[in-house]
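Have a look at the structure below before the remarks.
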Amino acid sequence: MRILNTPVFYIPYIVAPSPLRKERKSGFLTPTIGNSNESGFDSQIPYYINLSSNRDATITPRVLSKRGALLSSEFRYLDADYQGQITGSFIADDDLRNGDSRSLLSINHQQWAFQNKAHLKVNYNVVSDDDYFSDFGSDTSSTSQRYLQQFVDFKYRGRQQSLNVYVRNYQVLF
């Protein structure tokens, strides 16, 4: 609303994506609001950032009234020879855990090389403590997780030779 060409009241508007265009736009995504007996009022507002045609990120600030502020981020990338996703979450002072900092890191990467003769796959997942998913998870599959995979797989297939290297580890949550 304007009075004498001076804006006096502003109402944000939503631009719906057009199915005829392939462009992606940065902006806020649908917020989530909830409540639990343990963490209290829970609200999060994700913000999507279109970095380029093959890279994007989502930053999600989350406020839990009994715990504090949690910041989550996801970065995705895609190319002809590689693709992946890096996800992280961090709370500096969890008020229900004596001010402890708590975190999650997940890296998932795949890469092809040497005219697709070699393939590298990395999947690394780690949390700061055993109760992370039960305190911050939002669905049954995440809250019931007990083993977090940490592995590197490398495969090479030549005409006369092949090489497979597998390195495996798990973070066990009790």
Side-chain angles (χ1 to χ4, degrees), residues 24-52 54-79 81-113 118-156 162-174:
R24 298 176 298 166
K25 293 185 177 184
S26 298
F28 288 101
L29 302 174
T30 306
T32 304
I33 299 173
N35 190 36
S36 73
N37 290 335
E38 187 171 339
S39 296
F41 178 74
D42 181 356
S43 66
Q44 52 188 325
I45 303 173
Y47 188 80
Y48 173 80
I49 304 167
N50 181 27
L51 299 170
S52 67
N54 60 346
R55 286 170 176 59
D56 61 22
T58 305
I59 298 172
T60 308
R62 181 177 178 185
V63 177
L64 300 121
S65 64
K66 293 182 181 179
R67 291 189 180 276
L70 174 83
L71 184 64
S72 298
S73 178
E74 175 187 57
F75 173 67
R76 300 183 303 174
Y77 53 93
L78 176 65
D79 204 323
D81 296 329
Y82 58 85
Q83 65 182 20
Q85 176 177 334
I86 301 170
T87 305
S89 293
F90 181 74
I91 183 169
D93 300 310
D94 186 346
D95 295 336
L96 294 180
R97 302 267 301 215
N98 299 322
D100 290 345
S101 65
R102 301 174 74 190
S103 60
L104 166 138
L105 176 64
S106 178
I107 300 171
N108 191 344
H109 176 81
Q110 293 186 56
Q111 187 158 353
W112 300 268
H119 181 250
L120 173 69
K121 186 172 184 178
V122 177
N123 190 347
Y124 180 80
N125 302 283
V126 65
V127 291
S128 58
D129 59 90
D130 293 345
D131 297 324
Y132 184 88
F133 289 115
S134 60
D135 291 345
F136 300 112
S138 59
D139 58 5
T140 307
S141 64
S142 69
T143 58
S144 61
Q145 248 180 338
R146 293 292 164 230
Y147 301 97
L148 296 179
Q149 288 187 348
Q150 300 169 344
F151 69 81
V152 176
D153 292 349
F154 177 77
K155 298 177 184 178
Y156 177 79
S162 66
L163 172 68
N164 294 330
V165 177
Y166 302 109
V167 178
R168 297 270 192 270
N169 192 30
Y170 294 92
Q171 180 182 4
V172 180
L173 307 175
F174 293 103

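For reference, positions follow the sequence shown, starting with 1.
A donor-acceptor pair under 3.5 Å is absent between the side-chain atoms of Asn123 and the main chain of Phe151, judged by distance alone. Under the 3.5 Å distance criterion, the side-chain polar atoms of Gln150 are left unmatched by any main-chain donor or acceptor of Val126. Counting only distance, with no hydrogens or angles, the side chain of Ser128 and the backbone of Ser103 share a donor-acceptor pair below 3.5 Å. When atom types are taken as modelled, the side chain of Asp56 and the backbone of Ile49 share no donor-acceptor pair closer than 3.5 angstrom.
A distance of 5.0 Å separates CZ in Arg97 from CG in Asp131, rounded to the nearest 0.5 Å. In this structure, NE2 on His119 lies 14.5 Å from OH on Tyr82, to the nearest 0.5 angstrom. To the nearest 0.5 Å, the span separating CD on Gln85 from CZ on Arg76 amounts to 7.0 Å. Rounded to the nearest 0.5 Å, atoms CD1 (Ile86) and OG (Ser73) are 9.5 Å apart. Between the CZ atom in Arg24 and the CG atom in Leu51 there is a gap of 8.5 Å [rounded to 0.5 Å]. Here the CG atom belonging to Leu120 is positioned 12.5 Å from the CG atom belonging to Asp81, to the nearest 0.5 angstrom.
Using a 4.5 Å heavy-atom cutoff, the side chains of Glu74 and Tyr48 are not in contact. Side-chain contact between Tyr170 and Gln149 is present, with at least one heavy-atom pair separated by less than 4.5 Å. At least one side-chain heavy atom of Ile59 sits less than 4.5 Å from a side-chain heavy atom of Leu71. Residues Tyr132 and Leu148 are not in side-chain contact: their nearest non-hydrogen atoms beyond the backbone lie 4.5 Å or more apart. Between Trp112 and Gln83, some side-chain heavy-atom pair lies under the 4.5 Å cut-off.
Side-chain contact annotation: Asn50 with Ser26, donor-acceptor N/O pair under 3.5 Å absent.
A tilted orientation is assigned to the rings of Tyr77 and His109, their planes being inclined by 30° to 60°.
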Open item on the list: Assess the residue pair Arg168 and Asp153 against the criterion (side-chain contact (heavy atoms from CB on, under 4.5 Å)); give the C-alpha distance rounded to whole Å, side-chain angles, the decisive distance to 0.1 Å, and a yes or no.
Closed with: CA-CA 8 Å; Arg168 297 270 192 270; Asp153 292 349; 2.5 Å; yes
Task: Test log, rule side-chain contact (heavy atoms from CB on, under 4.5 Å), inputs Phe136 and Leu104 - done: CA-CA 10 Å; Phe136 300 112; Leu104 166 138; over 6 Å; no
Open item on the list: side-chain contact (heavy atoms from CB on, under 4.5 Å) for Asp135 and Glu38? Distances and angles first, verdict last.
Closed with: CA-CA 8 Å; Asp135 291 345; Glu38 187 171 339; 3.2 Å; yes
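For NZ of Lys66, the number of neighbouring non-hydrogen atoms (other residues, nucleotides, ligands) closer than 6.0 Å is greater than 12. Enclosure of atom OH in Tyr147 is not indicated, since only 12 or fewer non-hydrogen atoms of other residues, nucleotides or ligands lie within 6.0 angstrom.
Listed here is the closest heavy atom pair of Ile91 and Gly68: CD1-C, 4.2 Å. Residues Ala118 and Tyr156 come closest through the heavy atom pair CB-CD1, 3.9 Å.
Exactly one of Asp95, Asp94, Asp42, Asp93 qualifies for a side chain to side chain donor-acceptor pair (under 3.5 Å) with Arg67. That residue is Asp94.
Residues passing the side chain to side chain donor-acceptor pair (under 3.5 Å) test with Thr60: none are found, sequence neighbours excluded.
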